[in-house]
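Residues: numbered from 1 along the sequence shown. Model, not experiment: these values are computed from the prediction.
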Amino acid sequence: MNRFVVMLLMSIGCFIGMSIVGEQVLAKYEIQLADVKVSPIDKQAKNRQALTNKSIELYGPVEEKTFFYEVKTETETVGNEVVFHLKHSELLIEPSSVTFSIDDQTVHSAALKESELANKIVIPLPKEALSIGFHTITVSFNGVLKEGICVDQEMPSNWLKIGIDSYLQLQGQQSEDVSLSDYPEVFSAKDHQSVSVIIPDKPSLETRSAGSAIAAFLKSKSENSKRVQVIRESKVNVIDGNFLVVGTQSEFQTKRIKKMLTEAKVNVPDKGLLLSRHRLNESAESLFILVKTPQQFKDRVEVLLDDSLSKQLTDQQMIITSTPALDKTSGVIPLKKFGMSDITFDRTNRVSDTYFGYTPPSWNAKPTLELFLRRSDTLKYRENEEGVELSGEDVELVVHINNIPYPIDIRELYEEENGVFSVKIPIEEGTIQENHLISLKVEVNGLRRKNPCYSNNENRWVYLSEDSYFTFQEGDSTSEKTLKSFPYPFSDSAQQTKIILPQGQEVADDDLTKLISSLTAFGRVPAIELIKGEQFKEADAKNSHLIFIGGSGLQPILKKNEKDLIIPFIDDIPDFQTFGFLPEAVQHYSWIQENPWNEKGYSMMVFDAASAKAKLIDERFLESLTNLNETSTIAIQTREHHLYTNANEFEVKKGSLKAAHMSDAKSSFKNSSWWVVGFVILLILAAGLFIRVKQKRLKSREN
């Protein structure tokens, strides 16, 4: 065969190959199935973006709030608007007003009247506000309570509220350039749109674990977490919103899902995790998450459960053969990791939003917060400031960490480098609780003039950099296992957590997802392994944290080792009276203790219901445990959802321990006092003996 023929055959082969690939890409994305019903989607609602997840209050006489939005694709100028739902104080009078600016250009002003306390304001977006990129919308409130010269308008009754139902409407933002980079945004639930994670009717434990973990991650990213659901394939009668399909091709048995996979022409690799984006019936967005065997989920599904990994996804389709080892969590956490951006505080912007984050997984001692600040020259102390009265003695920046204030006198800042002041704040012990959660809010007081006759035109501001950071000293976790630390240590991604399902009782998919959601922290879902209770052996308990769903009556290994449990059982019924709980009132209960099958300090937790009619996992109970601030190891929830713990037992122990320490101290003190007395007597005797000997020597010399 000559060279020409070889080259010709290779060219034909390449052409055919490219044609097949191109055809597959086109066929894979758009799926048309006549027998699959997709619920009608409100196109107007689908294009809505919430401006805020909570109502925002602005206080007069002047304050403003800025919102951000992004235009991803070119769009028509018709039908794009921002809608604000406002309420204001009934004490406002003319000329109270609200002004809206887009990209620092004023577009609309409206009067706030006493006769109209609620306002719906619709602002069409101008052409300039629809260019591709990021844009800002600023709401400026000017409130007037009384007329007159030098009237103080800074009163609590001078307010305007921006409703949570305010939204931005952007048409045609569904890009045809489909990419996995849209995960998890496209699959996060909105108030108007559900998200479903579809798993087989008879899933393997690995598939079920992956599906519930993915749903838990999406819940943490959703506006409305209650609209994320895990459903079995036979329950899929109508596709409601966007969805994800999780499992192996051989596990799915219904014609509907099989046909969907066939039409998508997915090619699942022998080794690896397939991620493939599709659009069903030109409406619902879908993501296929498939493996050849369930074991392939292990160590690969993490790419969908971690912020640092999921943001690296790209293209319409990817095959994940392995995931990189995640770096050990650093002891330095910048404020931008909390979602905070650079903030400039002035007379119209005095308070930041509240941000949430977690400390590093291991328990850390003596944390500090270092702030990088700039301030206007007008905030320096000056001599002879006659007639100038500040709203307070100092211009004060206050950092609220878990609702505990840490103030900084801005006027007392002296040392700076290139105009930047560095301020270190030692965080007091007890500010950060054992569950590692941090809430963070910053406000600046004193930027307004309290004297209403003084001009407010003076530029007075404080700038806070997003590069400011917390520093935590690496340390060992507390050895004491208490519910106060929940969801830690089960949320620590560096350690394995196993969830043991009850024998003879089914746990609903949504309940399992709620449990895993409660463990989500540090920006990721922890590594979870599901095991059936009847298959769980003592060897499985090694080097793992354990969560049992069901107590002694549903978990054979707990029944076998009741003597090692901190709560006693009598005929599979916990003895609540021992801890001061009324048995008849208990609906749900839980406890935490050392893993009795491990010597390395791993934890074990049990969730159970006192009534056979009650679910083993209760969402309210999980929320209560997550927010628990008292040291305890056992908690119960009554039928009326009241929470009680054995915290008193720990207070008694602390009191006894304190008394013992005082007793030891007194005993030690008494003993030490007798030693001192004895020592003084010896000194006196020695001194007397020395004097007597010396006198004898003097007499002998004289003789």
Side-chain angles (χ1 to χ4, degrees), residues 179-189 195 197 206-222 225 228 230 244 246 272-277 287-291 294-315 317-334 336-339 355-362 435-438 470 472 487-499 512-530 544-545 547 626:
S179 173
L180 293 169
S181 62
D182 293 332
Y183 177 90
E185 180 183 358
V186 171
F187 300 98
S188 59
V195 170
V197 178
E206 293 87 352
T207 294
R208 192 179 184 195
S209 176
S212 294
I214 291 169
F217 182 76
L218 296 178
K219 277 178 174 286
S220 70
K221 303 297 180 182
S222 296
S225 62
V228 178
V230 177
L244 306 91
V246 182
L273 176 75
L274 175 69
L275 305 177
S276 190
R277 274 283 304 274
L287 175 60
F288 293 163
I289 305 167
L290 305 171
V291 289
Q295 292 73 24
Q296 296 291 329
F297 278 120
K298 188 176 182 181
D299 299 331
R300 294 180 178 88
V301 74
E302 290 185 8
V303 73
L304 298 170
L305 309 177
D306 182 88
D307 286 331
S308 63
L309 295 177
S310 64
K311 67 183 180 182
Q312 300 179 46
L313 297 177
T314 185
D315 299 329
Q317 182 173 289
M318 287 184 73
I319 296 175
I320 308 299
T321 56
S322 61
T323 54
L326 295 175
D327 294 335
K328 185 179 179 182
T329 304
S330 171
V332 177
I333 303 180
K336 58 186 174 185
K337 282 277 185 85
F338 287 77
Y355 302 91
F356 296 92
Y358 283 87
T359 68
S362 57
N435 64 1
H436 299 257
L437 180 65
I438 297 178
F470 283 97
F472 300 91
Y488 185 83
F490 309 101
S491 56
D492 187 351
S493 59
Q495 297 178 320
Q496 176 72 48
T497 294
K498 295 177 180 177
I499 297 179
L512 180 60
T513 301
K514 289 172 185 175
L515 174 59
I516 297 177
S517 293
S518 70
L519 308 180
T520 302
F522 315 116
R524 73 185 308 272
V525 177
I528 297 293
E529 181 182 349
L530 294 182
S544 295
H545 299 296
I547 296 180
T626 303

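Closest approach of Gly339 and Tyr355 over heavy atoms only: O-CE2, 3.5 Å. When all heavy atoms of Pro324 and Leu309 are compared, the pair lying nearest together is CG-CD2, 3.7 Å. Between Asp306 and Phe217 the shortest heavy-atom distance is N-CE1, 4.0 Å. When all heavy atoms are compared, the tightest approach of Ser212 to Ile516 is CB-CD1, 3.7 Å. Of all non-hydrogen atoms in Ser518 and Pro487, the two that sit nearest each other are O-CB, 3.3 Å. The minimum heavy-atom distance between Ser222 and Ala189, with the atom names listed, is OG-N, 2.8 Å.
A salt bridge between Lys221 and Asp307 is present, with a side-chain N of the basic residue lying under 4.0 Å from a carboxylate O of the acidic one.
By the salt bridge (charged side-chain N to carboxylate O under 4.0 Å, His left out) test, Arg300 pairs with no residue at all, sequence neighbours left out. Legend: residues meeting side-chain hydrogen bond (donor to acceptor under 3.5 Å, both in side chains) with Lys298, ordered by chain and number and at least two apart, are absent.
Between Phe472 and Phe470, the ring planes lie parallel to each other; the angle is under 30°, not in the 30° to 60° tilted range.
In this structure, Leu218 and Leu244 have side chains that are in contact, with non-hydrogen atoms separated by less than 4.5 Å. A 4.5 Å side-chain heavy-atom check between Ile214 and Tyr183 finds at least one atom pair inside the cut-off. Leu304 has its side chain out of reach of Val525: every pair of non-hydrogen atoms, C-beta onward, lies at least 4.5 Å apart. Side chains of Thr513 and Val197 form no contact here, defined as non-hydrogen atoms less than 4.5 Å apart. With a 4.5 Å cut-off on side-chain heavy atoms, Phe338 and Ile438 count as touching. You'll find the side chain of Leu274 stays beyond 4.5 Å of the side chain of Ile289, heavy atoms only. Using a 4.5 Å heavy-atom threshold, the side chains of Thr207 and Phe297 count as touching. Using a 4.5 Å heavy-atom threshold, the side chains of Val186 and Leu287 count as separate.
Rounding to the nearest 0.5 Å places CD of Glu302 at 10.0 Å from OG of Ser308. For the atom pair Ser322 OG and Leu273 CG, the distance stands at 11.0 Å (nearest 0.5 Å). The distance from atom CG of Leu519 to atom CG of Leu515, rounded to the nearest 0.5 Å, is 5.0 Å. Distance check, rounded to the nearest 0.5 Å: NZ of Lys498 to OG of Ser209 gives 12.5 Å. Once rounded to the nearest 0.5 Å, the distance linking OG1 of Thr626 with CG of Leu437 reads 9.5 Å. Here the straight-line distance linking atom OG of Ser179 with atom CZ of Arg277 works out to 7.5 Å at 0.5 Å rounding.
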Could you go step by step and tell me if Val301 and Val246 meet the side chain to side chain contact (heavy atoms under 4.5 Å, CB included) rule? CA-CA 10 Å; Val301 74; Val246 182; over 6 Å; no
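Of the N and O atoms on the side chains of Gln317 and Ser276, at least one donor lies less than 3.5 Å from an acceptor on the other residue. In this structure, a donor-acceptor pair under 3.5 Å is present between the side chains of His436 and Thr359.
A donor-acceptor pair under 3.5 Å is absent between the side-chain atoms of Thr323 and the main chain of Val303, judged by distance alone.
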